Amino acid sequence: MASVNRPNKQQNHPLDDLIRKDRIPHIWCPGCGIGTIFASCLTAIKECVATGKNGFDLDKFVMVSGIGCSGRAAGYVKLDSFHTTHGRAIPFATGLKLANRDLNVIVFSGDGDLFAIGGNHFIHAARRNINITVICVNNLNYGMTGGQVAATTPYNAKTTTTPAGNAENPFSLPLLAYASGATYVARWTMLHTRDLTVSINEALSKKGFSFIEVLSPCPVNYGRRNKEKPLETLKLYQEKSIIKNGADPSELDIDMEKGIILGKFVDIDKPTHSEKYDKLYRIE
Amino acid sequence: MEFWRIPFDANEIDITLGEVYILDDRCKGCGYCIEFCPRQVLQISDKFNKKGYHPPVVVNPESCVNCHYCEVICAEFAIYSVEAVSCPNKN
Ligand SMILES: Cc1ncc(C[n+]2csc(CCOP(=O)(O)OP(=O)(O)O)c2C)c(N)n1
Ligand code: SF4
Ligand code: SF4
Ligand code: SF4
Ligand SMILES: [Mg+2]
């Protein structure tokens, strides 16, 4: 066997410098995927700063969240952050970016917050090509309030408000983002955390509106009602996911029978809102 | 590390070895790190942490290859690996 020199016992997690340690353990339930996605986001920020590209600077990152379990992220990051009102993370983020273009603004929030109450803000920020990054934790329901049906709940899935199954069709978030004009669109699951980190890094480096959907287990509400133990949800992600970069956005419905398509679907360049605005109104 | 067939250049290749650290009181016992470690380094322990969860324990320290997967899948900032200073396969 190889000989190993054991270094001294360290008790610092590599992300300890970016979290508010006094608030850890956080509120997220055992097996919840939000913490993993949050950690991936922090790692991507760290990597961006380490490259020194694009003038990345920790003091210039801001995290904005709405309301929900996912929305708690803003309260755990040791960077400037805003925990805003329900559905309004994107308007706050837009204001920040317009007022101070040097900031790297990240919206980290849930599917209910971003696509139900906040759905209109999402499509308009994408249409305007506001230069921000939106990360959506999609756990297919309203976790925080006890597991109600969301705009992302699959057909026939059980929630507190759809006890016999959801009769409605869900949004396909990447299709919505693409159709609204986003310049970067990707989807991963919390199990694909390395791809996710690379993707968040790319999205942060992207000039324009970038969007990443991340599938995440909510074992306490969605999982329990749909007879999925947390490890079973992760196994589903492992077995049912197909990585297909550049897939047609219209083929991205989440269907566990057919498989869930992951990857980067859109990565295009076009002028941002500020660039277009300056052209008409800030003529030098 | 065990090999099914010893590679010809086994003497020249340094296999990265890792050392895992667990912050017991942050763990919520989800078991993801245990399940998805590619080298079966971890196991659930019998001990309870402050919050009443069973944190993982390292059972195969010499198998860890410092892939950091336990670290990146953990939602609790409760586990991480560092490279162990090693002189592998030279003996
Ligand atoms: C104006 C307003 N309406 C409703 C609520 C109740 N509420 C709190 S969180 C939430 C849904 C959160 O769902 P999601 O964004 O998916 O977050 P998750 O908890 O699933 O991470 C709702 C409806 C509220 N806080 N404010
Ligand atoms: S209720 Fe669901 S989404 Fe909220 S912390 Fe618990 S598992 Fe996560
Ligand atoms: S670093 Fe990799 S091999 Fe080592 S314990 Fe963690 S998951 Fe297992
Ligand atoms: S992944 Fe983290 S929280 Fe889950 S059992 Fe391992 S150390 Fe504990
Ligand atoms: Mg949700």
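Residue numbers start from 1 in every chain, and the chains themselves are labelled A, B, ... in the order their sequence lines are given, proteins ahead of strands. Model, not experiment: these values are computed from the prediction.
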Report, by ascending residue number, the residues of [range] in heavy-atom contact with chain B at a distance under 4.5 Å; give 'none' if the set is empty.
range: residues 227-245 of chain A; answer: Pro230(A), Leu231(A), Leu234(A), Lys235(A), Gln238(A)
range: residues 67-82 of chain A; answer: none
range: residues 212-224 of chain A; answer: Pro217(A)

Problem - Greatest number of heavy atom pairs closer than 4.5 Å to chain B - which of Ile24(A), Thr43(A), Leu191(A) - result: Leu191(A)
Completion exercise
Highest number of heavy-atom pairs under 4.5 Å with chain B among Lys21(A), Arg194(A), Met190(A) belongs to Arg194(A)
Any idea which heavy atoms bring [X] and [Y] closest together, and the distance?
X: Phe77(B); Y: Leu15(A); value: CE2-CD1, 3.8 Å
X: Pro25(A); Y: Lys51(B); value: CG-CE, 3.8 Å
X: Asp16(A); Y: Arg26(B); value: OD1-NH1, 3.0 Å
X: Tyr53(B); Y: Pro30(A); value: OH-CG, 3.5 Å
X: Thr36(A); Y: Val72(B); value: CG2-O, 3.2 Å
X: Glu71(B); Y: Pro14(A); value: OE2-CG, 3.4 Å

Problem - Which portion of Ile34(A) sits near chain B, non-hydrogen atoms under 4.5 angstrom - result: neither
Exercise for the section: Under 4.5 Å heavy-atom distance to chain B, tell me which part of Leu18(A) shows up: side chain, backbone, both or neither. Expected result: neither
Problem - Atom pair SG (Cys32(A)) and NZ (Lys28(B)), whose distance is rounded to the nearest 0.5 Å - result: 8.5 Å
[X] side chain to [Y] backbone, donor-acceptor under 3.5 Å:
X: Thr193(A); Y: Ile73(B); value: no
X: Tyr80(B); Y: Asn12(A); value: yes
X: His26(A); Y: Ala75(B); value: yes

Completion exercise
Against chain A, residues from residues 42-50 of chain B with at least one heavy atom under 4.5 Å, in numeric order, are none
Problem - Glu76(B) portion near chain A, given a 4.5 angstrom heavy-atom threshold - result: both
